Amino acid sequence: MLLSELQEDFALRGLQKFRAAQVYRWLHQRGATSFDEMTDLSKDLRVALKESFEIRNTEIAIRRVSKIDGTKKYLFRLNDGEMIESVLMKYKHGYSICISTQVGCKMGCTFCATGKSGFSRDLLPSEMISEIQTAQKDIGERISNVVLMGMGEPLDNTDNVLRALEIMTSEWGFGWSPTRITLSTAGVAPELQRFLDATKVHLAVSLHNPFHEERAAIMPVERAWPIAEVAAILRRYDFTHQRRVSFEYIVMSGLNDSPRHIRELCRLLDGIKCRINLIRFHKIPGSPFFSPDDEAMIRFRDTLTAKGIQTTIRASRGEDIQAACGLLSTAAAENGQ
Ligand code: SF4
């Protein structure tokens, strides 16, 4: 619930409005996971709240810590027993968490372990918020950035995602600047416009191939909403100030890294102030795709940069703990956990 909704509910019960704000502070600023922790509310009110409301928490089912870079991968258990993944990375500027927005995913990208495992259900705003709060409690520190890039397609669950973003960015919620948040989408064009109009958070678009047929072969979403349509929408928005748009490009050796792909990328992104993040493909079990070597990644980056597109190579994190989306839940399901 948003604060305004809780205030309305409290008013109907004859409770003062400021009590709703008190509950919100406990939930979102102090990370309370039960009404009993809200010690400045009367005992009667706490009992009444328990009878009418439920606080959805995520519970850590599995935690893996990378020996290489300290990245933590969580498998969270939800109230109904479903499992989702989050990945917590430590950078110089602080902690960044990659959260899930759905249990599974309908988009069916062929290079993604989550896409292979099918779809179960959408996450509620409270469950997305709880991913952040449970991780914060686990490390005993504040998280500074969030990316909605875990399991699921955020713009296939737009209503709940926009509510979660409102909780993160409102003064009565986390009070975060939208520039601390990035939403990643495979390119659900009709919802993209709604998201761009409703918030100021950064956007990342999973691109991976600029050619329609080739992209459709690895990302079925391309059949419904071609990347050219997504680019046309983005051209209408201003990304020259605070808000940024980036394109994620998983480099798969011999499949999407030729000079022909570079030429088409430049044509597709012409007129959009953006950055391309190159990601080396992480081999997943049963996948026919291959990882490029360092030299090939650098060559690809330098060629794009020379063509005037700001391009970076994303450092791989947590390679020893199967940090890529969907791998841990798949392994857990196979082991009956
Ligand atoms: Fe879904 Fe993202 Fe995986 Fe594609 S890459 S199947 S959109 S979770």
Side-chain angles (χ1 to χ4, degrees), residues 73-76 78 82-87 97-123 127-128 131 146-158 160-161 164 181-192 194-195 201-210 212 214-227 229-230 233 245-252 255-256 276-289 291 314 316-318 322-333:
K73 174 129 191 184
Y74 296 102
L75 186 67
F76 288 131
L78 305 174
E82 292 281 10
M83 300 283 198
I84 51 162
E85 301 179 358
S86 301
V87 180
I97 189 166
C98 174
I99 63 167
S100 294
T101 52
Q102 294 180 313
V103 183
C105 185
K106 294 179 209 156
M107 298 297 132
C109 304
T110 56
F111 49 82
C112 168
T114 302
K116 287 184 190 302
S117 63
F119 174 77
S120 181
R121 71 169 174 87
D122 287 331
L123 290 191
E127 291 169 327
M128 293 177 229
E131 293 178 66
V146 171
V147 285
L148 285 73
M149 203 185 266
M151 298 168 79
E153 163 54 60
L155 297 185
D156 186 39
N157 184 18
T158 315
N160 287 329
V161 163
I181 307 167
T182 303
L183 178 143
S184 171
T185 179
V188 181
E191 296 295 298
L192 177 61
R194 187 173 157 215
F195 157 76
V201 312
H202 297 314
L203 175 71
V205 178
S206 301
L207 175 49
H208 312 320
N209 201 309
H212 177 69
E214 292 179 24
R215 188 170 186 261
I218 54 169
M219 298 181 72
V221 68
E222 173 73 17
R223 296 247 175 257
W225 301 294
I227 191 69
E229 197 181 312
V230 171
I233 292 173
V245 60
S246 57
F247 289 88
E248 308 296 308
Y249 202 92
I250 301 180
V251 185
M252 296 174 232
L255 202 84
N256 63 356
I276 295 184
N277 285 322
L278 301 178
I279 305 155
R280 189 204 303 258
F281 175 66
H282 284 261
K283 186 98 179 111
I284 61 168
S287 164
F289 308 130
S291 306
R314 169 107 51 81
S316 292
R317 310 277 308 210
Q322 297 180 308
C325 156
L327 288 181
L328 186 54
S329 57
T330 307

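In each ligand, atom 1 is the first atom listed, and ligand 1 is the first ligand listed. The shown structure was predicted, so the numbers you read here are calculated from the model rather than taken from an experiment.
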Of G118, S117, G152, S100, the residue with the heavy atom nearest atom 2 (Fe) of ligand 1 is G152
If I take every N, O or S atom of C112, is at least one of them less than 2.8 Å from atom 3 (Fe) of ligand 1?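 Looking at C112, which is the residue asked about, there is an N, O or S atom under 2.8 Å from atom 3 (Fe) of ligand 1.
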Run the ring-centre check on F111 versus H208 and record whether the distance is less than 6.0 Å.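 F111 vs H208: aromatic centres under 6.0 Å.
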Any salt bridge linking E153 with K106? Criterion: basic side-chain nitrogen under 4.0 Å from a carboxylate oxygen. no
Any luck finding a side-chain donor-acceptor pair between N157 and Q102 under 3.5 Å?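 Side-chain D/A pair, N157 to Q102: absent.
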List ligand 1 atoms under 4.0 Å from M107, heavy atoms only on the residue side.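 Going through ligand 1 atom by atom, the ones under 4.0 Å from M107 are 1 (Fe), 7 (S).
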Atom 4 (Fe) of ligand 1 to nearest N/O/S of C105 below 2.8 Å: no
Using modelled atom types only, decide if a donor and an acceptor are shared between the side chain of K73 and the backbone of S86 within a distance under 3.5 Å.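 No, the answer is negative, given that no donor and acceptor are paired below the 3.5 Å cut-off.
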